[in-house]
Chemist: 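After the structure tokens below, expect a handful of questions from me.
All ligand and atom numbering here is 1-based and tracks the order in the structure.
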Amino acid sequence: MPDLRHTDIQYLHGVGPKRAELLKKELSISTYYDLLYYFPFRYIDRSVINHVNELRGDEAVIQLKGRFLTFNTAGEGRKRRLQALFTDGTGTIEVVWFNRVASIQKTYNTNTQYLLFGKPSMFNNHLNIVHPEVDVVTTENVAQGLTGVYNLTEVLRNRSFTSRAIHKLIVTLLETPAVQHIDETLPPELMQRYHLMPLPDALRNIHLPSDQQVLQRAQFRLKFEELFFLELNILHYIKGSTRRLVGHVFSRVGAYFHDFYNNILQFPLTGAQKRVIREMRHDMGSGKQMNRLLQGDVGSGKTIVAFMTALIALDNGYQACIMAPTEILAGQHLETIKPLADAIGVKVALLTGSTRKRERDVIHEALMNGELQILIGTHALIEDTVQFRNLGLAVIDEQHRFGVAQRARLWSKNRVAPPHVLVMTATPIPRTLAMTVYGDLDVSVIDELPPGRKPVTTVLRHEPDRFKMYQFVGSQLKQGRQAYIVYPLIEENEKLDLHALEQGYEQVRDVFPHYNVAMVHGRMKPAEKDHQMMLFASGKAHILVATTVIEVGVNVPNASVMVIEDAERFGLSQLHQLRGRVGRGADQSYCILMARSDLSRDTRHRLQVMTQTNDGFVVAEEDMKLRGPGDMEGTQQSGIAFNLHIANLAQDGQIIQMARNAAEDYLRDDPQMESAWGRKMAAHIREIFDKQTNWGLIS
Ligand code: ADP
Ligand code: MG
């Protein structure tokens, strides 16, 4: 039996070397296996026929049945096109082809009944449809139920490689003995427990479903399989390899921790904070290296948790470092932590790119001799020149700015064994998804805000409301509050954006002549930026006009209003992060999203999500639905960009959970994957994942 993975697609009847080359280049289909796993991206119900007089031009895809009235060519040279008029008896629609004009004109005529398939649009006030699929009406294709639609490229379409052509190849492929006798990949117990469709059936039905129900079972089977192998890979190989890493044993909680907890800490910890600290104590005492992700919404109090975890390291004779993505944030951490550390006699220092050489030398020295216990800083921390005497814990704040590779460099800061690693993020994605996306990390969640926080009131406003918006901001300032006014800064047109920001700054100064206005943006020198931030943080400036540099972590509890200009240009998660800058004190806070009036439906919906909820999980889930998890901040650089054929991490949460459970159950019975099925699946996993991903783990 030829092996599907190693049989070149050119040998499939109807392909040949030329088309094979196209398939390879355009769709990365090189083998029988690749084609078999090239699934339709959607299905059309061929039994539904639309009517021209009911079309509005915004339908996704439609099917029309009727005939052509006329064919005309228009335009010259590269603009040459074929225009036809098509009628189904209820009205007419224009059909346009820009390529293969001559051959199309030869193929179709005005006497035959056709089925047209495509996406209609409104063009110059009349309906048209560009490059539809055209089928001669036969009894078969009208009666036919669901038909898969395959993703194609423009190049393929121009070479008359239509979705139907792919379909034909698939039919041929499904008839080959290699596919007919394809091996089941999942053990029988699993098939039974989850009522899974056998693999050969699933593959046939994903391409040629007889009805909706069968299609759903096929999809479930294939998604489950994909996620099951993904989870097995994570649990067995990824985590397996980190689990084997020896860790420094922090066996006790000592004087620093107790002194701080009993005498310095001003507020009771929330239940969630306590639980998370317990989880980490357990990890760090276990003898294995901790790799933990701490998720907590903005304002949930991650900093104090990081600090107290660091104290456990100190209590066991180790050093700790805390790494932040920007100088401002690193500086803020220092400001928060230094007084607490001073109070219990712990030595802390700040190291960033702008730390002077002389100071730097002092820090290096103090790190080496162990005098310096906690180092806070930016990327500067991971430079090779920074050597610790005995680093036991590395905290990374706001994970999404750091890649796996950078995390890895922290590991080498202790020559005996890597330090324990705590990664903190405010991007709250569902737990099982987090465990999947950040495959090598264990996940802890702070799912509770400190008591007394009032939810931020969020509203959506447009340009005509600007004056009222300023009035409102004014009324808050009058009560002694402070306000943020945020502008987007997107790199491609940085100049334009900078201009908008500066104009905004001038306008705000004109509107509020009696208040002090500070401004920060990414193009400023760090010293100037810090100075402006300081003005706002100390209350000397009442308004801060800023770009997203204030996005993460900045803490000014007296600020009660945040105005976000051009809000439509921000992602949901980013808006949520920004909004987290207010609502940090006891007062009611407000977030005003200023957006264009003519928003698309999607954009309006996106912004309305913000006005309806303060829950970071809800925001994150909406964000994922709209953008997919790959785009989410936090997952982009997690280093785990896997290539799923059919499962969707954003939408298949339940199946992810099932697959996770199934993988855990499986490994409980066969932890080394040594049984016959275990070995078979291990080989399969290597086949799937070794090619795809470099998980970036360090041996
Ligand atoms: P984030 O999780 O966004 O990093 P922070 O650590 O900056 O949040 O905490 C936000 C604010 O809440 C800080 O001013 C912090 O001192 C305060 N805080 C943290 N934990 C508690 C608690 N248990 N009770 C009251 N306030 C708390
Ligand atoms: Mg923080």
Side-chain angles (χ1 to χ4, degrees), residues 260-262 264-278 280 292-311 321-341 343 374 376-378 395-402 422-429 443-456 482 484 533 537-539 548-560 562 573-587 589 591 614-617 619-620 633-634:
F260 177 75
Y261 188 67
N262 296 326
I264 311 297
L265 183 63
Q266 295 292 324
F267 40 73
L269 294 176
T270 62
Q273 285 172 318
K274 284 187 192 158
R275 171 170 39 78
V276 164
I277 291 174
R278 263 201 310 276
M280 289 192 284
R292 194 165 272 281
L293 175 74
L294 174 58
Q295 283 194 351
D297 208 345
V298 278
S300 61
K302 295 186 289 294
T303 314
I304 210 76
V305 167
F307 178 62
M308 292 177 72
T309 310
L311 293 183
C321 69
I322 301 177
M323 189 156 80
T326 64
E327 293 208 0
I328 291 181
L329 277 177
Q332 275 220 332
H333 277 321
L334 183 78
E335 271 170 50
T336 310
I337 287 170
K338 191 156 190 323
L340 306 177
I374 300 180
I376 298 173
T378 56
V395 179
I396 305 175
D397 196 11
E398 306 301 348
Q399 145 89 2
H400 59 273
R401 309 286 169 97
F402 289 111
L422 168 63
V423 177
M424 304 200 292
T425 174
T427 308
I429 58 179
V443 180
S444 288
V445 183
I446 304 186
D447 49 7
E448 183 184 353
L449 291 182
R453 294 276 167 79
K454 290 205 181 78
V456 179
Q482 289 163 278
Y484 293 101
M533 276 305 302
S538 65
T548 46
V549 291
I550 61 153
E551 183 185 336
V552 278
V554 176
N555 193 19
V556 181
N558 188 47
S560 64
M562 165 154 302
S573 293
Q574 208 181 9
L575 288 173
H576 184 69
Q577 292 286 317
L578 282 167
R579 178 169 64 179
R581 301 306 107 214
V582 294
R584 310 200 128 222
D587 305 294
S589 294
C591 175
N614 269 282
D615 185 332
F617 276 89
V619 171
E633 290 162 79

Chemist: What part of Asp397, side chain from CB on, backbone N/CA/C/O, both or neither, has a heavy atom under 4.0 Å from ligand 1?
Modeler: neither
Chemist: Any N or O of Pro268 that comes nearer than 3.5 Å to an N or O of ligand 1?
Modeler: yes
Chemist: Rounded to the nearest 0.5 Å, what's the gap from CZ on Phe267 to CD1 on Ile304? Could you check?
Modeler: 4.5 Å
Chemist: Which side-chain hydrogen bond (donor to acceptor under 3.5 Å, both in side chains) pairs, counting each pair once, include a residue from residues 299-308, with sequence neighbours left out?
Modeler: none
Chemist: Check Met424 against ligand 1 and report side chain, backbone, both or neither, counting heavy atoms closer than 4.0 Å.
Modeler: neither
Chemist: I need the atoms of ligand 1 closer than 4.0 Å to a non-hydrogen atom of Arg453, numbered in the order shown.
Modeler: 10 (C), 11 (C), 12 (O), 17 (C)
Chemist: To the closest 0.5 Å, what do you measure between NE2 (His576) and SG (Cys591)?
Modeler: 10.5 Å
Chemist: What atoms of ligand 1 come within less than 4.0 Å of a heavy atom belonging to Leu269?
Modeler: 23 (N)
Chemist: Check whether any side-chain heavy atom of Val445 sits under 4.5 Å from a side-chain heavy atom of Phe617, and report yes or no.
Modeler: yes
Chemist: With sequence neighbours excluded, tell me which residues meet salt bridge (charged side-chain N to carboxylate O under 4.0 Å, His left out) with Arg275.
Modeler: Asp447
Chemist: Looking only at N/O atoms, are Ile304 and ligand 1 under 3.5 Å apart anywhere?
Modeler: no
Chemist: Could you go through His333 and Val395, starting from their C-alpha distance and side-chain angles, then the distance that decides it, and tell me whether this counts as side-chain contact (heavy atoms from CB on, under 4.5 Å)?
Modeler: CA-CA 12 Å; His333 277 321; Val395 179; over 6 Å; no
Chemist: Which value, rounded to the nearest 0.5 Å, describes the distance between Leu293 atom CG and Met424 atom CE?
Modeler: 10.5 Å
Chemist: In Å and rounded to the nearest 0.5 Å, what is the CD1 to NZ distance from Ile446 to Lys274?
Modeler: 13.0 Å
Chemist: Only heavy atoms of Ser300, strictly under 4.0 Å: list the atoms of ligand 1 that pass.
Modeler: 2 (O), 8 (O)
Chemist: Arg584 heavy atoms, cut-off 4.0 Å: which ligand 1 atoms fall inside?
Modeler: 3 (O), 7 (O), 10 (C)
Chemist: With respect to Val298, determine whether any N or O atom, backbone or side chain, lies less than 3.5 Å from an N or O atom of ligand 1.
Modeler: no
Chemist: Please list, in number order, the atoms of ligand 1 under 4.0 Å from a heavy atom of Thr270.
Modeler: 23 (N)
Chemist: What are the atoms of ligand 1, with element, lying closer than 4.0 Å to any heavy atom of Thr303?
Modeler: 4 (O), 5 (P), 6 (O), 7 (O)
Chemist: Any side-chain heavy atom of Met280 sitting closer than 4.5 Å to one from Val305?
Modeler: yes
Chemist: At a 4.0 Å cut-off, with the gap strictly under it, does some heavy atom of Gln332 reach an atom of ligand 1?
Modeler: no
Chemist: Does ligand 1 have any atom that is closer than 4.0 Å to a heavy atom of Gly296?
Modeler: no
Chemist: Which is closest to atom 25 (C) of ligand 1 by heavy-atom distance: Pro450, Ala272, Pro451?
Modeler: Pro450
Chemist: Show which atoms of ligand 1 fall inside a sub-4.0 Å distance from at least one heavy-atom site of Asp297.
Modeler: 2 (O)
Chemist: Taking all heavy atoms of Pro455 and all of Asn614, pick out the closest pair and write down the distance.
Modeler: CB-ND2, 3.4 Å
